[in-house]
Trainee: 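Below: one structure in structure tokens.
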Amino acid sequence: MTTDGSSAWDLLGDASRRDIVERLAAGERTVGDLAAAMPITRPAVSQHLRVLKDAGIVRDRPVGRTNVYSLDVQRLASYRRQLDAFWANALDSMRTDEEDG
């Protein structure tokens with residue numbers, strides 16, 4: 001599970017990572033909370049969180065002996081801009097193709 005974190009497609013192209021981001025959008029969660037609600041193991045959740053954290057989308061803070069994870073909304077917004085730009089360009093291309101055809 002490697003990604004250089006340069007692309008929203010790389011990060012969110014994985015269904016488990018999208019699920020984690022969706023769950024964190026609802027509020028902070030621990031690895032155990034996330035794993036209990038997902039069909040993957042706790043170590044797999046931890047690996048996905050590490051990828052998201054390395055990309056700056058997720059941050060953690062210690063609470064007792066565990067970490068609580070949350071989204072970094074500003075960093076996530078930069079990835080959203082990547083996706084928005086992609087779709088804007090794709091839709092413009094489709095309109096141009098329709099007009100030419």
Trainee: Do any N or O atoms from the side chain of Arg29 and from the backbone of Leu24 form a donor-acceptor pair under 3.5 angstrom?
Mentor: no
Trainee: Give the minimum heavy-atom separation between His48 and Ile20, together with the two atoms involved.
Mentor: CB-CD1, 3.5 Å
Trainee: Between Ser46 and Val31, which heavy-atom pair has the shortest distance, and what is it?
Mentor: OG-CG1, 3.5 Å
Trainee: Enumerate donor-acceptor pairs with a distance under 3.5 Å from any side-chain N or O in residues 64-71 to protein atoms, sequence neighbours excluded.
Mentor:
residue	atom	partner	partner atom	Å
Asn67	ND2	Asp60	OD2	3.4

Trainee: List the residues meeting side-chain hydrogen bond (donor to acceptor under 3.5 Å, both in side chains) with Thr30, not counting sequence neighbours, and say none if there are none.
Mentor: Asp33
Trainee: Residues two or more places apart in sequence or in another chain: which of them pass side chain to side chain contact (heavy atoms under 4.5 Å, CB included) with Asp84?
Mentor: Arg80
Trainee: When you compare the side chain of Asp72 with that of Val58, does any pair of heavy atoms fall below 4.5 Å?
Mentor: no
Trainee: Leu34 versus Leu49: any side-chain heavy-atom pair under 4.5 Å?
Mentor: yes
Trainee: Out of curiosity, Arg17 CZ to Gln47 CD, how far, rounded to the nearest 0.5 Å?
Mentor: 10.0 Å
Trainee: According to salt bridge (Lys or Arg N to Asp or Glu O under 4.0 Å), who are the partners of Arg23, at least two apart in sequence or on a separate chain?
Mentor: Asp19
Trainee: Roughly how far, to the nearest 0.5 Å, is the CG atom of Leu52 from the CZ atom of Arg59?
Mentor: 13.5 Å
